[in-house]
There are 2 protein chains.
Amino acid sequence: MLRAELDAIDIKILRELQRDGRITNVELAERVGISAPPCLRRVRKLEEAGVIEGYHALLNGPRLGFDLVAFCMVGLKRQSDSDLKAFAAKVQQWPLVREAWMVNGDSDFLLRCVAENLTAFQDFVIEVLTADEHVDTVRTMLTIRQVKQLGLVEV
Amino acid sequence: MLRAELDAIDIKILRELQRDGRITNVELAERVGISAPPCLRRVRKLEEAGVIEGYHALLNGPRLGFDLVAFCMVGLKRQSDSDLKAFAAKVQQWPLVREAWMVNGDSDFLLRCVAENLTAFQDFVIEVLTADEHVDTVRTMLTIRQVKQLGLVEV
DNA sequence: GCTGAAAAGCACAACGG
DNA sequence: CCGTTGTGCTTTTCAGC
């Protein structure tokens, strides 16, 4: 199922489900202008096709005691396939790292990190990240505040 | 409602709702070990307190024709409050920019951008971003692949 | 605070246009 | 493809513990 196969109603469905992932099917059907059963069939099809990957609650970090968001640009000592894979595997196990990308340019990885405070983040950078056998360089960017939050996919 | 006010069951609820935002209240109640009505009351309380900010469908970018994810580190010419605010406001209007943070260090803003292809992204960087009156420097990092996706908040 | 029961609303399958 | 119908489950409220 590619984008070209989606019609105007599918696009509306995706827009609404991004906005509110817990909307009821009947309300969704109303909003997109069809009756409930075909609407549900479309949603299931989008899920099965992998266009919709899942539904998730979005939590407020600060209110849960995670006051710090930072990005780390990590360069490895070697960029062989096995080194990249080994580091990517380690990233999975570090709870501070919420998202990670392999990137081109000066660094090899970009990590989005969340921590309770600056001390916890620095401990992670010094004791875990720079201490890692694969890691060569680490540059960090502390965020001051998030200025755009829910960049929904503009389908 | 602060983190200290959350008990073990609230934590379990948050964990489950992050994992599956469309889980039924009955199943959620089973998983966390209480009956459905108090479970729903807890969820509502977490929503009203702003701990749960919302529920959203997660879409597959590549399958919708967005094959490129990139980060832009943007430095402004001036860092006065009005300049920072003016640029933050512009960021809201650019659909390619899905998330944005104000950061410290060499750059002033970090933008997570999504585009259909490299050409569309370069057009945005050259014709929109670097052409902006506030922008001084733009450094981009193209992502090769995402290696960690759903870093749930480990409450 | 939790549990249990009852009413309204919803999801989902089957069938027909 | 969409819509209508019908059944079973879920949500949600209201008592009672």
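What you see is a predicted model; the values in this text were computed from it and never measured.
- The shortest side-chain heavy-atom distance between A:T143 and B:L110 does not fall under the 4.5 Å cut-off.
- Within the 4.0 Å cut-off from OP1 or OP2 of C:dT3, at least one side-chain nitrogen or oxygen of B:S35 is found.
- We find that CG of A:N25 is positioned 14 Å from C1' of D:dT10, with the value rounded to whole Å.
- For A:P37, counting side-chain heavy atoms from C-beta on, the closest listed nucleotide (C:dC12, D:dT10, C:dA5) is C:dC12.
- Aromatic ring centres of B:F109 and B:F87: separated by under 6.0 Å.
- An OP1 or OP2 oxygen of D:dT12 is reached within less than 4.0 angstrom by no side-chain nitrogen or oxygen of B:R41.
- When each of B:T24, B:L28, B:I23 is checked for a side-chain contact (heavy atoms from CB on, under 4.5 Å) with B:V26, only B:T24 meets the rule.
- Residue-to-nucleotide proximity on DNA chain D shows that, of A:K45 and A:A36, the 5′-proximal contact is made by A:K45.
- The 5' end of DNA chain C is approached more closely, in terms of each residue's nearest nucleotide, by B:P38 than by the other of B:P38 and A:I23.
- Nearest nucleotide to the side chain of B:I34, out of C:dA11, D:dT12, C:dT3: C:dT3.
- As rounded to whole Å, 15 Å separates atom C1' of C:dG9 from atom CG of A:L40.
- Rounded to an integer number of Å, the gap from B:R22 CZ to C:dC10 P is 13 Å.
- In this entry the distance linking CZ of A:R42 with C1' of C:dA13 reads 19 Å, nearest Å.
- Between D:dT12 and B:R44, a contact under 4.0 Å exists linking OP1 or OP2 to a side-chain N or O.
- Geometric assessment of A:R139 against the ring of A:F71 yields a negative cation-pi assignment under the 6.0 Å and 45° thresholds.
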